[in-house]
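Remarks on the structure that follows.
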Amino acid sequence: MPTGSTDGSRGIDGVVRRLRAIAAGLPPTDGVAVFNRMYLTVTEGVRTGLGGFADPAAVAELDVLFAGRYLLAVDAVAAGRRPPACWRPLFELRADPEVHPLQFALAGMNAHIQHDLPLAVVDTCRRLGREPEQLEDDYHRINGLLAQVETAVREQLMPGPDVLERLEPMTHRIGAWSVGTAREAAWGSVQLLWGLRGRPSAARACATALDGAVGLLGRALLLPLGLRASAVGRPGGGGATAEKTVEREGTPGGEGGEPKKETETRR
C-alpha cells in the first residue's frame, strides 16, 4: 500500500502552505476547492491545538501522512493520472453545475476520512513504533473540532428554504452522512488493517476493497440534482438544450489539478 507523502521536515506548517496554494489556484466554485477550504480550516485547528493532545508528536505525524494522501490525489490529477477510486467521483464531477457545493464538501470528507484516515493511522503506527490503541484517545479528541467544522460547513452551504423542497433528495442523502459516524467506521478499518499487518497480500486486498467501497459512497453523495432543469432544457420546451460543463478525468492542470473544461450539449 503506498503511503501518503509530503515533505515531513515541514510538518503541519508545510501542509497548511500547500493547502493555501491549492486554494489560490482554483476558482471558488470548483468542487475540489470547496473541500480544500474546509480541510484547510481543520488542519489549522489541529495545528493550533497540538499542545492539548496526549502525544503531540504522533498527532503531527498523523496529520502530515493523512494530508499526504489527499495531496497525492491532487498531484495525480494534475499530472494526468487517475487518483485513487475513493477520490475519483469528486475530481470527475468537480465542475458539474448540477452538484451542490455541500455535496462536494461531504464527498471530500467521505474519501479522506473513510479511506485515507485508516491508512494514515496504520502508517503512523509503523513509523513511530506505536500500537493503534496508543493513538486512540487523541484520535477521538479530534472529533470535537471536526464536529464544529462540519456544523459550520452545513450551515454555510445549505441552500435556503426557497429551494430546499426541490433539493429534498440531496437533503435526505447528506443528512444520513456524518463525520462522527465516518470516523467510527474508519477506526474499525484501522483495527482490521492493523490485524492484517503480517499478511501483506490480505492487507492490500482489504485496502483496495475499502478504496472502491468508499468511492461508491462518494458517487452516491454526488448524484447530480438537476439544479438547472427548471431553467434550461425542460421537457416539452421546444427541443431546448442544456449545456453542461464537465471534466474529462486525468486532464493535466495546475496546482490543485484544475481540469480543462469542455462543454457538451445534451438534449
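Residues take their numbers from the sequence shown, with the count starting at 1.
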What are the two closest non-hydrogen atoms of [X] and [Y], and how far apart are they?
| X | Y | value |
| --- | --- | --- |
| A207 | L119 | CB-CD2, 4.2 Å |
| L196 | C206 | CD1-CB, 4.0 Å |
| A186 | P118 | O-CB, 3.6 Å |
| L90 | F104 | CD1-CD2, 3.7 Å |
| D96 | P224 | OD2-CG, 3.9 Å |
| P132 | W187 | O-CH2, 3.2 Å |

* Contacts of type side chain to side chain contact (heavy atoms under 4.5 Å, CB included), residue D138, not counting sequence neighbours -> F53, A54, D55, V59, R141

* Which residues satisfy the side chain to side chain contact (heavy atoms under 4.5 Å, CB included) test with A85, sequence neighbours excluded? -> R88, D211

* To do: Indicate yes or no for a side-chain donor-acceptor contact from E92 to the backbone of P89 under 3.5 Å, with no hydrogens or angles considered.
  => no

* Is it true that a side-chain atom of E61 and a backbone atom of T124 form a donor plus acceptor pair closer than 3.5 Å? -> no

Interatomic distance, [X] atom [atom1] to [Y] atom [atom2] [nearest 0.5 angstrom]:
| X | Y | atom1 | atom2 | result |
| --- | --- | --- | --- | --- |
| L192 | R197 | CG | CZ | 12.0 Å |
| R130 | W194 | CZ | CH2 | 11.0 Å |
| C86 | H112 | SG | NE2 | 10.0 Å |
| L117 | L65 | CG | CG | 11.0 Å |
| D13 | E44 | CG | CD | 10.5 Å |
| R20 | T43 | CZ | OG1 | 10.5 Å |

Using side-chain heavy atoms (C-beta onward) and a distance below 4.5 Å, is [X] in contact with [Y]?
| X | Y | answer |
| --- | --- | --- |
| R69 | W87 | no |
| H115 | N110 | no |
| H140 | L135 | no |
| L40 | V16 | yes |
| I22 | L71 | yes |
| L19 | Y70 | yes |
| F35 | M38 | yes |
| E136 | E131 | no |

* Asked: Does NZ or CZ of R183 lie under 6.0 Å from the centre of the six-membered ring of Y139, at an angle within 45° of the ring axis?
  -> yes

Connected via hydrophobic side-chain network under 4.5 Å: [X] and [Y]:
| X | Y | answer |
| --- | --- | --- |
| V99 | Y39 | yes |
| L128 | V46 | no |
| I142 | L50 | yes |
| L146 | M109 | yes |
| V179 | L102 | yes |

* Go through the steps for Q103 and L222 under the test side chain to side chain contact (heavy atoms under 4.5 Å, CB included), then give the verdict. => CA-CA 6 Å; Q103 293 176 269; L222 289 171; 3.9 Å; yes

* To do: Test T181 against Q114 for side chain to side chain contact (heavy atoms under 4.5 Å, CB included), laying out the working first.
  => CA-CA 10 Å; T181 300; Q114 302 224 66; over 6 Å; no

* Apply salt bridge (charged side-chain N to carboxylate O under 4.0 Å, His left out) to the pair D30 and R37, showing each step before the final yes or no. => CA-CA 11 Å; D30 181 281; R37 284 195 298 273; over 6 Å; no

* Asked: Would one find more than 12 heavy atoms of other residues, nucleotides or ligands at under 6.0 Å from atom CZ of R199?
  -> no

